Participant: 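I am attaching a structure below and will ask some questions about it afterwards.
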Amino acid sequence: EVQVVESGGGLVQAGGSLRLSCVTSGFSFGEYAVGWFRQAPGEKREGVACIWHGTGAIWYKDSVKGRFTISSDIAKNTVYLQMDSLKPEDSAVYYCGAGYHTIVVVTPEYYYGLDYWGEGTPVTVSS
């Protein structure tokens, strides 16, 4: 059984930090791409960061470059998102998605190939 479970969200003031965790099981973690996506109220879900374990490639949404860092611990089947210098516009529900690494595509406009999703963890950044 595949499981994808996010944690680490919460309420933080602007300029603060949060570290999200995505714990997975039930698939070959080292052969998958795992990414973080977010959805604010009334908005479509968008890609934030993604790591392709097959190649080591990493992608970030432009607005989070230099502030967010995605990393993974293959031994723990876990992907992290360290979020620093948070802004109110970062407020959203953050979701973790996974798909086979040769299939997953993430761009600023769309994403494709994510087979497994968690239920999300909310992040609220107050001004």
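In this chain, numbering begins with 1 at the start of the sequence shown. Just so you know, these numbers come straight off a predicted model, no measurement behind them.
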Participant: Determine all donor-acceptor pairs shorter than 3.5 Å in which one atom belongs to a side chain in residues 76-84; sequence neighbours excluded.
Facilitator:
{"unit_1": "Thr78", "atom_1": "OG1", "unit_2": "Lys76", "atom_2": "O", "d": "2.7"}
{"unit_1": "Gln82", "atom_1": "NE2", "unit_2": "Asp84", "atom_2": "OD1", "d": "2.9"}
{"unit_1": "Asp84", "atom_1": "OD1", "unit_2": "Ser17", "atom_2": "OG", "d": "2.7"}

Participant: Could you tell me the separation between the NZ atom of Lys87 and the OG atom of Ser127, rounded to the nearest 0.5 Å?
Facilitator: 14.0 Å

Participant: Output every pair passing disulfide bond (SG atoms under 2.5 Å apart) with a member in residues 21-76, not counting sequence neighbours, ordered by first then second residue.
Facilitator: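 Sorted result for residues 21-76: Cys22-Cys96.
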
Participant: Can you hop from Val34 to Phe68 via hydrophobic side chains spaced under 4.5 Å?
Facilitator: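 Shared cluster, yes.
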
Participant: Would you kindly confirm whether Leu20 and Val4 end up in one hydrophobic cluster when ILVMFWY residues are joined by side chain heavy atoms under 4.5 Å apart?
Facilitator: yes

Participant: If you group Ile, Leu, Val, Met, Phe, Trp and Tyr by side-chain heavy-atom gaps below 4.5 Å, do Tyr111 and Phe27 land in one group?
Facilitator: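 Different clusters: Tyr111 never reaches Phe27 through Ile, Leu, Val, Met, Phe, Trp or Tyr contacts under 4.5 Å.
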
Participant: Using every non-hydrogen atom in the two residues, find where Val93 and Gly120 come nearest and quote the distance to one decimal.
Facilitator: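 Val93 and Gly120 have their closest heavy atoms at CG1-CA, 3.9 Å.
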
Participant: Find out if a path of hydrophobic residues (ILVMFWY) with successive side-chain heavy-atom gaps under 4.5 Å connects Tyr100 to Tyr110.
Facilitator: yes

Participant: If Ile, Leu, Val, Met, Phe, Trp and Tyr residues are connected whenever their side-chain heavy atoms lie under 4.5 Å apart, and connections chain through other members, are Tyr95 and Val125 in the same group?
Facilitator: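 Hydrophobic grouping puts Tyr95 apart from Val125.
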
Participant: Roughly how far, to the nearest 0.5 Å, is CG of Leu86 from OG of Ser91?
Facilitator: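 Interatomic distance, Ser91 OG to Leu86 CG, rounded to 0.5 Å: 8.0 Å.
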
Participant: How about Ile103 and Tyr112: do any of their side-chain heavy atoms sit closer than 4.5 Å?
Facilitator: yes

Participant: A side-chain contact here means heavy atoms from C-beta on lying under 4.5 Å apart; do Arg67 and Asp90 qualify?
Facilitator: yes

Participant: For a quick test of reading the model, state the closest non-hydrogen atom pair linking Gly26 to Val2 and the distance between them.
Facilitator: O-CG2, 3.6 Å

Participant: Do the ring centers of Phe37 and Trp117 come within less than 6.0 Å of each other?
Facilitator: yes

Participant: Side-chain donor-acceptor pairs under 3.5 Å in residues 53-66, sequence neighbours left out?
Facilitator:
{"unit_1": "His53", "atom_1": "ND1", "unit_2": "Phe29", "atom_2": "O", "d": "3.3"}
{"unit_1": "His53", "atom_1": "ND1", "unit_2": "Tyr32", "atom_2": "O", "d": "2.8"}
{"unit_1": "His53", "atom_1": "NE2", "unit_2": "Ser72", "atom_2": "OG", "d": "3.0"}
{"unit_1": "Thr55", "atom_1": "OG1", "unit_2": "Ala57", "atom_2": "N", "d": "3.2"}
{"unit_1": "Tyr60", "atom_1": "OH", "unit_2": "Ile70", "atom_2": "N", "d": "2.9"}
{"unit_1": "Lys61", "atom_1": "NZ", "unit_2": "Glu46", "atom_2": "OE1", "d": "3.2"}
{"unit_1": "Asp62", "atom_1": "OD1", "unit_2": "Lys65", "atom_2": "NZ", "d": "3.0"}

